[in-house]
Amino acid sequence: MIEEMAEMTGIGIVKAVCVSREKGTEKHNAGRAHFIEDFGIEGDAHAGKWHRQVSLLSHEKIEEFRKKGAEVADGAFGENLVVEGIDFRLLPVGTRLLCGDVILEITQIGKECHHGCRIFQKMGECIMPREGVFAKVIHGGEIQTGNRMFVKKVEEEDLWAEAETK
C-alpha cells in the first residue's frame, strides 16, 4: 500500500454519497453506501454490469454552479459521489480512485444532456455533461462522507499493456 500511495497524485474528501432507487430522479445523500465489484452501489438504480456504475462530481464545480443562483442539493445532478479537492474532468479515462477498500476506475468523462432535466430547464445549463465522470467498481467496500479519496493516474505504459492483452 505504501508503494501505491507514493504513486498517488491527488487527495480529495468525500462530501456526499448519494443514491436513488429509480432512474431519472434526483439522488439523496445517504451518507454512506456499499460498493459492489463490477456492479456499482447497492440499491442504486444505475448499478449493473456496465461502464457507468458510479457517477462523480467535484464539490467545487457544484459550488460554482450554486453561486450562479442554482438551488441544488447534493445528488440533484444524479451524481453518486461529491468529492472536494479533485477536478474529475481533468483526469483521463483509466484513472483509478481509491477510497478506503473501494477502487473505482474512470470509464467516461461527461455525458450527453437530455435538456429535459429540471436543472437545465431552470438554469439554461447543467454541469453534469461537462464536469461529471463515470466509473466502474474494480474492488468493493464501503464509502462514507468524510473519507479521503486518492487519485492514481494511469500511466501510458499501463494503457498499452492493457490494450495488448485485449
Side-chain angles (χ1 to χ4, degrees), residues 1-19 27-42 44 46-47 50-68 70 72-113 119 125-163:
M1 183 68 167
I2 292 175
E3 290 175 6
E4 279 188 24
M5 297 292 282
E7 297 175 22
M8 301 301 161
T9 60
I11 300 175
I13 302 293
V14 177
K15 302 298 279 184
V17 181
C18 305
V19 295
K27 296 184 185 299
H28 70 278
N29 186 358
R32 67 175 36 181
H34 183 72
F35 290 68
I36 301 168
E37 184 174 321
D38 197 29
F39 189 72
I41 299 175
E42 186 177 318
D44 187 68
H46 289 94
W50 70 318
H51 71 289
R52 286 175 29 182
Q53 297 169 353
V54 180
S55 57
L56 301 97
L57 262 177
S58 299
H59 174 73
E60 292 81 358
K61 301 302 180 183
I62 296 171
E63 287 301 312
E64 286 175 19
F65 198 62
R66 286 177 177 147
K67 287 178 183 171
K68 294 179 180 179
V72 291
D74 291 331
F77 297 99
E79 75 278 14
N80 295 115
L81 295 174
V82 177
V83 181
E84 181 178 48
I86 300 173
D87 190 347
F88 292 109
R89 70 188 172 110
L90 300 178
L91 303 176
V93 168
T95 299
R96 294 224 169 161
L97 306 168
L98 288 71
C99 191
D101 291 335
V102 178
I103 301 172
L104 304 174
E105 182 177 292
I106 295 178
T107 56
Q108 181 177 324
I109 300 168
K111 70 171 197 164
E112 188 174 324
C113 184
I119 296 167
E125 68 173 320
C126 180
I127 62 171
M128 192 63 178
R130 68 176 183 274
E131 302 290 349
V133 299
F134 297 88
K136 63 182 179 181
V137 181
I138 302 300
H139 188 271
E142 185 172 283
I143 294 179
Q144 63 184 15
T145 56
N147 284 158
R148 293 189 307 164
M149 180 176 282
F150 299 91
V151 176
K152 182 175 191 262
K153 288 189 179 172
V154 64
E155 300 297 328
E156 191 171 325
E157 303 85 48
D158 295 340
L159 290 174
W160 285 110
E162 185 175 325

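Just so we're clear, the structure is a prediction, and the values are computed from it rather than from any experiment. All residue numbers refer to positions in the sequence shown, counting from 1.
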Between I13 and M149, does the side chain to side chain contact (heavy atoms under 4.5 Å, CB included) criterion hold? Intermediate values first, please. CA-CA 6 Å; I13 302 293; M149 180 176 282; over 6 Å; no

Inter-residue atom distance [X].[atom1] - [Y].[atom2], 0.5 Å rounding:
X: F88; Y: I106; atom1: CZ; atom2: CD1; answer: 6.5 Å
X: F150; Y: I86; atom1: CZ; atom2: CD1; answer: 9.5 Å
X: I138; Y: D38; atom1: CD1; atom2: CG; answer: 7.5 Å
X: L56; Y: F134; atom1: CG; atom2: CZ; answer: 9.0 Å
X: C18; Y: N29; atom1: SG; atom2: CG; answer: 4.5 Å
X: E84; Y: H59; atom1: CD; atom2: NE2; answer: 5.0 Å

Within-4.5 Å side-chain heavy-atom neighbours: K136 and E105: yes

Answer yes or no: is there a side-chain heavy-atom contact under 4.5 Å between T107 and W50? no

Donor-acceptor under 3.5 Å ([X] side chain, [Y] main chain):
X: H51; Y: A135; result: no
X: H28; Y: G75; result: no
X: E63; Y: F65; result: no

So which atom in [X] and which in [Y] form the shortest heavy-atom distance, rounded to 0.1 Å?
X: H34; Y: I36; value: CD2-CG1, 3.7 Å
X: G141; Y: V102; value: C-CG2, 3.5 Å
X: S55; Y: G78; value: OG-O, 3.0 Å
X: T95; Y: V151; value: CG2-CG1, 3.6 Å
X: C99; Y: V14; value: SG-CG2, 3.9 Å

Checking E37 now: which residues fulfil salt bridge (Lys or Arg N to Asp or Glu O under 4.0 Å) with it, not counting sequence neighbours? none

Could you walk me through whether L97 and L91 satisfy the side chain to side chain contact (heavy atoms under 4.5 Å, CB included) test, starting with their C-alpha distance in whole Å, then the side-chain angles of each, then the deciding distance to 0.1 Å, before giving a yes or no? CA-CA 10 Å; L97 306 168; L91 303 176; 4.2 Å; yes

Can you list the steps and then say if D44 with Q53 is a side chain to side chain contact (heavy atoms under 4.5 Å, CB included)? CA-CA 9 Å; D44 187 68; Q53 297 169 353; over 6 Å; no

Salt-bridge criterion met for K67 and E64 (N-O under 4.0 Å): no

Is any side-chain N of the basic residue among D74 and R66 closer than 4.0 Å to the acidic one's carboxylate O? yes

Could you go through I41 and V54, starting from their C-alpha distance and side-chain angles, then the distance that decides it, and tell me whether this counts as side chain to side chain contact (heavy atoms under 4.5 Å, CB included)? CA-CA 7 Å; I41 299 175; V54 180; 4.2 Å; yes

Who pairs with D87 by side chain to side chain contact (heavy atoms under 4.5 Å, CB included), at least two apart in sequence or on another chain? S58, K61, R89, L90, E131

More than 12 heavy atoms of other groups within 6.0 Å of H46 NE2: yes

